[in-house]
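Source: prediction; values computed, not measured. Values below: every heavy atom of this structure, side chains too, minus hydrogens, waters and symmetry copies.
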Amino acid sequence: MPVLPSLTAWLTDPHPGRGVRLADDSGGWTYVPYPQLAAAARRAAAGMRSAGVRPGDVVCLLMPTGLPCLAALFGVWALGATISPLPPPSFQTDDAYVEHITAVLEQAAPALVVASEEFGDLAARAMTRAGLAGRPWTPQEITAEAVPEGAILEGVVPEEPGPPRPGPEADRPVAPPPESIALLQFTSGSTGRPRGVRVSWQNLTANRALQSRLIGWKDGDGFASWLPLHHDMGLIGCCLFPVASQSNLWLMRPDQFIRDPARWLACFAPGRAAHSAAPSFAFAYAARRVRPHRLDELDLSGWRSVCVGAEAVDPAALSAFARFAAPAGFSADAYVPSYGLAENTLAVTGAAAPLLVVRPDWAALRIGRPVTVEDTARLDDAAVEPGSGWLVGHGFPQDGDGVAVRILDEDGDPVPAGHLGEIAVSGASVAPGYHAGREGGPDSTRFVDGELRTADAGFLHDGQLFVLGRMGDSLKLRGRSVYVDDLDAKVAAAAGLDRDRAAVVALNDRGRAGVAVFVEAAPGPWTEKVTEMLRAELGPEPALTLVAGRRGLLKRTTSGKLRRRHMWQLLQEGGLEAVTTRL
């Protein structure tokens, strides 16, 4: 009989004494032991098989974190099919959201779309526009068969289940080929041209081993997360991998974290969760929102690791939270600043304590040129304040990780340590490519001869990778990818100009994610309208730079494509005949 992947083997041998705790909306938790979750997944798989899903098919899921979502996720994998999670609506209009989901469905061509009741109508609209027949499955259709009767409230001991009863061969989980696609992870945040990353079972297995080393995982360790399950960091790092290890897992929805961040922090008392992951904004947010009396009730001494990623890591946010939470037993040694991206399954590198921070000469940064490091310190020693220009180290691949990192110049040639360039990654975690051949341009993440060219700028210093992030086509905000070509038309409309006279370039402004807006026009009242529009789209966090100049300010290739990274270089060098305003 074929051997099941390590990520699904638990379905046939679930641990009776461990399980998943799901946050409810009354402040409590619902506990689902692994035997009941495995049974739920198998019953969900049976229902999806009856609906026509076969091994290798794609199943799109549009569901909030909860038991029906978990049953569907692992039910898809029990069938040997491919998971493709869809992001729920956020700040877009319904029409913009349906446009994005339609673009995903057209590429994914799923055999089935599973949507919760609250998202069912939007999913149905997108299915119709994508030319897919029928309506999505709803939670009622799953939960009627899949919700285990044994789901119990936290603190109530379940009856000890007996060994799983053998079922017919059709009910056994499928063992897919290792090179087949387990996950189709679409880029988030863009309404234009989302790209699906094809992640294989081999990729997931390799990255699981890497992440286990980064966090020092050992059997019996618990996890806690509020990250959304449509995003790779939340889905892979904080759900699929912990469940595959049959770890005790505390799961919240993002909105539950936003309402009460102390609820997440309370998961890290000794004997509960030891590991988690979050973007750096979460730590600044928690330090602002958690009141002193709540902090007095917390014991964070059981928190051993938290991978910090999904956006540019802000050392000021980490420093502020470490000072705030130290009285509750939190140690900055728990931070694992991590570099990763969906095209490498998830993690590439992660730093171990003590954390190194450096302050480069930002004005002198040039692709392919040496980086001047003006200051070096440890995170817990440095006066790290917002906007002070510090970067935190992200570690470097270790022997046995199966990962290699190079820094490349504009021509794709490697540069020495200490030089700024594009980060390139190779190894067992690198995905086979994009779905339906949706490769990007030279300023985008792309695959070149089996190597992943990330479009992220970085440099090596003192044996560590330091990441500046995108210098061109996109930026990451709160774990969401924002593609600047989606902003070009909105900037032009706000400025009252033709679309070909405005362009947006992603950049890093002294350690802070930001955008530079290039407009072929004289400065005028349009600047306020553009600024207002960008703040509405991006929020208060990113730095904004407005660059106004004559025709020819926007640099293009001979075929007419914008050279965004070249424009960033010229902005750095002061080589533009333009009026530059930093906001």
Side-chain angles (χ1 to χ4, degrees), residues 6-7 182-183 185 187-188 197-218 221 223-225 227-245 247 249 274-280 282 304-313 318 334-353 355 392-407 423-432 445 447 451-456 458 460 463-467 469-470 476 479 481:
S6 61
L7 295 164
L183 170 65
Q185 180 73 59
T187 55
S188 60
V197 181
R198 296 169 59 82
V199 181
S200 72
W201 291 97
Q202 289 173 325
N203 296 150
L204 286 168
T205 301
N207 211 253
R208 180 186 177 197
L210 168 61
Q211 290 192 58
S212 295
R213 182 194 65 79
L214 290 181
I215 67 174
W217 178 85
K218 57 179 183 279
D221 285 350
F223 287 74
S225 175
L227 298 177
L229 297 187
H230 69 271
H231 186 269
D232 50 9
M233 194 170 179
L235 176 66
I236 300 174
C238 295
C239 179
L240 300 183
F241 287 174
V243 170
S245 304
S247 302
L249 175 60
H275 307 287
S276 189
S280 51
R304 295 214 325 268
S305 85
V306 55
C307 289
V308 187
E311 63 184 13
V313 176
L318 304 191
Y335 289 134
V336 185
S338 303
Y339 175 63
L341 62 173
E343 289 84 351
N344 191 67
T345 306
L346 185 55
V348 176
T349 66
L355 300 182
V392 64
H394 287 64
F396 199 72
Q398 304 296 307
D399 292 341
D401 283 348
V403 177
V405 171
R406 301 194 300 163
I407 307 297
I423 302 169
V425 182
S426 58
S429 293
V430 173
T445 309
F447 298 90
E451 184 176 55
L452 176 61
R453 306 287 176 87
T454 67
D456 284 326
L460 300 177
Q464 292 205 48
L465 176 66
F466 288 82
V467 181
R470 293 302 174 96
K476 287 189 175 181
S481 296

Which heavy-atom pair separates [X] from [Y] by the least distance, and what is that distance?
X      : Y      : value
Cys307 : Met233 : O-CE, 3.4 Å
Gly350 : Leu214 : N-CD2, 3.7 Å
Cys238 : Leu227 : SG-CD1, 4.2 Å
Pro242 : Gly237 : CD-O, 3.5 Å
Gln464 : Gly395 : OE1-N, 2.9 Å
Arg453 : Ala424 : CD-CB, 4.0 Å

First locate atom [atom1] of [X], then atom [atom2] of [Y], and finally report the distance between them rounded to the nearest 0.5 Å.
X      : Y      : atom1 : atom2 : result
Leu204 : Leu183 : CG    : CG    : 6.5 Å
Ile215 : Leu210 : CD1   : CG    : 10.5 Å
Gln185 : Glu343 : CD    : CD    : 9.5 Å
Arg406 : Leu452 : CZ    : CG    : 12.0 Å
Asn344 : Thr445 : CG    : OG1   : 11.5 Å
Asn203 : Leu346 : CG    : CG    : 11.5 Å

Can you list the steps and then say if Val425 with Val430 is a side chain to side chain contact (heavy atoms under 4.5 Å, CB included)?
CA-CA 7 Å; Val425 182; Val430 173; 4.3 Å; yes

Return yes if some donor-acceptor pair links the side-chain N/O of [X] with the main-chain N/O of [Y] below 3.5 Å, else return no.
X      : Y      : value
Thr454 : Ile423 : yes
Thr345 : Ser429 : yes
Ser276 : Ala224 : yes
Gln398 : Phe396 : yes
Tyr335 : Leu318 : yes
Asp221 : Ser247 : no

Would you please classify the geometry between the His275 ring and the Phe223 ring as parallel, tilted or perpendicular, with 30° and 60° separating the classes?
tilted

Run Leu465 and Leu460 through side chain to side chain contact (heavy atoms under 4.5 Å, CB included) and show every step you take.
CA-CA 5 Å; Leu465 176 66; Leu460 300 177; 3.9 Å; yes

Between Tyr339 and Val405, does a side chain to side chain contact (heavy atoms under 4.5 Å, CB included) hold up when you go through it step by step?
CA-CA 11 Å; Tyr339 175 63; Val405 171; over 6 Å; no

Which pairs, with at least one residue in residues 201-216 and sequence neighbours excluded, count as a salt bridge (Lys or Arg N to Asp or Glu O under 4.0 Å)?
Arg213-Asp401

